[in-house]
Amino acid sequence: MKELDALRSELMTAVKDAAGLDELEQIRVSALGKKGRITGLMRGLGAMNPEARKEAGQALNALKNEVAEAIEAKKRTSADSELDARLTGERVDVTLPVRPESQGCIHPISQTIDEVVAILGEMEFSVAEGPDIEDDWHNFTALNIPPDHPARQEHDTFYLPGSGDDDRLVLRTHTSPVQIRTMMETKPPIRIIVPGRTYRCDYDATHSPMFHQVEGLVVDESTHMGHLKGCLIEFCRAFFDMDDLPVRFRPSYFPFTEPSAEVDIGCTREGGEFRIGHGDDWLEILGCGMVNPKVLENCNIDPAKYQGFAFGLGIERMAMLKYGIPDLRTFFESDLRWLRHYGFSAFQVPSMVGGL
Ligand code: PHE
């Protein structure tokens with residue numbers, strides 16, 4: 001009994017003085033764990049005679065409960081005080097100024113594509129896509145540009161190594177091959193636009209080896225030049241947000257359209273200053289024409305039944321004109337100061353959607 005009293009006071013003092021949850025756990029294991037001191041004493045009960053065992057058993061049980069309760073009680077207060085200590089130590093200083101958040105913006109190319117797609121989308125064109133790596137047939141031959149055609153030289157094509165001469169792979173020089181892919185896959189009526197990357201081996205203030213175009217293609221039974229003109233005049237005026245923007249069609253040549261035209265918009269150039277709108281000068285902005293019957297035939301569409309019109313415009317050029325960007329190469333230099341200056345807020349509605 002004396003032994004137990006000594007053990008009790010030793011353990012209770014240890015519990016009282018314990019500094020934290022870890023220490024309490026150590027005390028619990030050393031007294032009540034499998035190899036603990038109280039557990040050891042309980043194991044010794046078996047060797048006692050029944051009389052002594054009963055008495056010692058009761059005393060040991062009482063001690064065990066007392067110690068266990070004392071540890072639990074102390075654990076609770078320790079946990080509370082540890083939490084209190086953390087809460088005071090880690091208090092948030094709400095008076096600190098907020099950290100500046102860097103905000104991205106929309107690249108003028110993405111913005112311009114969005115605007116073009118929004119306008120033509122309103123005219124019920126749907127968006128189609130095709131691969132950047134094309135074969136010679138889709139990029140040239142099917143578009144009525146045979147191997148010895150001079151137009152091939154004008155395209156400054158990037159040819160991919162390792163492909164045979166007959167059907168070489170190229171980086172597409174325009175989005176027009178998607179006209180072919182669409183006509184091969186779907187039957188008229190067709191009404192698509194194709195925004196995408198295009199490639200030509202060229203580099204100066206108005207050319208970059210990678211640039212963007214938007215192609216348009218309409219094929220139906222009664223499509224005619226009046227539809228082409230109406231659609232593009234409407235488009236130009238919506239894009240430049242000018243209801244009375246002068247637009248003219250000038251005869252031109254593309255192997256895949258017949259007749260072909262280039263579209264000019266009115267502008268003024270005075271003393272180095274350039275302005276879109278009324279004036280005595282013209283600026284070329286896109287190529288277009290009625291789909292050449294040979295191209296329809298190449299895609300197994302009967303030219304006696306169907307006609308179509310097509311157009312292609314350069315996104316960088318449109319963006320440069322609309323937003324006054326003087327050098328095309330800067331689009332792809334990733335200069336953050338340039339991007340912040342010419343970029344668009346992600347929360348701003350594209351101007352023409354509001355105007356449509
Ligand atoms: N593919 C032509 C180019 O890249 C543009 C164009 C497309 C012209 C469709 C007429 C019809 O220059």
Side-chain angles (χ1 to χ4, degrees), residues 113 116 120 123 125 127-132 134-146 149-158 170-183 190-202 206-220 223-225 227-233 235-236 247-265 283-296 298-299 301 303 306-318 320 328:
I113 290 176
V116 170
L120 293 166
M123 297 185 197
F125 282 85
V127 173
E129 284 183 321
D132 289 16
E134 264 300 0
D135 53 56
D136 192 285
W137 189 79
H138 284 92
N139 195 81
F140 293 121
T141 311
L143 286 160
N144 195 35
I145 317 175
H149 198 286
R152 289 212 180 199
Q153 272 76 62
E154 284 162 28
H155 274 216
D156 302 309
T157 314
F158 286 111
V170 301
L171 290 180
R172 67 178 177 190
T173 57
H174 48 179
T175 40
S176 302
V178 188
Q179 286 191 34
I180 304 299
R181 290 187 175 272
T182 308
M183 288 192 278
I190 291 170
R191 198 171 175 85
I192 54 144
I193 44 173
V194 186
R197 293 195 187 96
T198 46
Y199 306 83
R200 289 182 204 176
C201 189
D202 216 345
T206 51
H207 297 90
S208 145
M210 189 279 296
F211 58 106
H212 297 76
Q213 289 190 337
V214 175
E215 190 84 9
L217 174 70
V218 172
V219 182
D220 208 341
T223 305
H224 57 68
M225 193 85 184
H227 295 135
L228 161 72
K229 289 184 76 178
C231 171
L232 291 178
I233 292 170
F235 166 76
C236 292
V247 180
R248 78 172 182 190
F249 290 73
R250 189 167 31 80
S252 183
Y253 173 78
F254 299 103
F256 33 91
T257 46
E258 185 58 39
S260 303
E262 262 157 346
V263 175
D264 299 338
I265 55 172
L283 183 78
E284 177 199 323
I285 60 159
L286 58 86
C288 62
M290 299 306 293
V291 179
N292 192 319
K294 286 189 198 152
V295 175
L296 293 173
N298 290 341
C299 301
I301 292 178
Y306 292 105
Q307 289 123 74
F309 72 79
F311 57 90
L313 55 91
I315 287 293
E316 284 77 2
R317 187 169 165 77
M318 298 294 269
M320 286 165 82
L328 189 144

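Position 1 is the first residue of the sequence, and the numbers go up from there. Scope of the values below: all heavy atoms of this structure, side chains included, with no hydrogens, waters or symmetry mates. Order of appearance sets the numbers: ligands from 1, and atoms from 1 within every ligand.
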### Query
For ligand 1, which atoms sit closer than 4.0 Å to a heavy atom of F311?
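Every atom of ligand 1 under 4.0 Å from some heavy atom of F311: 7 (C), 9 (C), 11 (C).
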#### Entry: Close-contact set for ligand 1 against T257 heavy atoms, below 4.0 Å
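Contacts of ligand 1 toward T257, numbered from 1: 11 (C).
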### Query
Name the one of F256, F254, Y199, F311 that satisfies ring-ring contact (aromatic ring centres under 6.0 Å, His included) with H174?
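Single ring-ring contact (aromatic ring centres under 6.0 Å, His included) partner of H174 among F256, F254, Y199, F311: F256.
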### Task
Going by the side-chain contact (heavy atoms from CB on, under 4.5 Å) test, name the single residue among V214, L217, L120, I192 that passes it with F125.
L120
### Message
Checking side-chain polar atoms at under 3.5 Å, does E215 have a donor or acceptor matched by the opposite partner on S176?
### Response
yes
### Query
Between H174 and ligand 1, does any nitrogen or oxygen pair lie at a separation below 3.5 Å?
yes
### Query
Looking only at N/O atoms, are Q213 and ligand 1 under 3.5 Å apart anywhere?
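For ligand 1, there is an N or O atom that lies under 3.5 Å from one belonging to Q213.
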### Closest protein heavy atom to atom 2 (C) of ligand 1, given as residue, atom name and distance to 0.1 Å
F256 CZ, 3.7 Å
#### Entry: Nearest-contact summary for atom 12 (O) of ligand 1 - protein heavy atom, Å
R200 NH2, 3.9 Å
### Message
Minimum distance, heavy atoms only, to atom 1 (N) of ligand 1: which one of A310, G312, S176 is it?
### Response
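Answer by nearest heavy atom: S176.
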### Residues, nucleotides or ligands: over 12 heavy atoms within 6.0 Å of E284 CD
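Yes - once you tally the heavy atoms of other residues, nucleotides and ligands closer than 6.0 Å, there are more than 12.
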### Message
Just checking R197: does its CZ atom have more than 12 heavy atoms from other residues, nucleotides or ligands closer to it than 6.0 angstrom?
### Response
no
### Query
Are side-chain heavy atoms of F211 and R200 found at a separation under 4.5 Å?
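Answer yes - side chains close enough.
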### Task
Could you tell me whether S260 approaches ligand 1 through its side chain, its backbone, both or neither, with non-hydrogen atoms closer than 4.0 Å?
neither
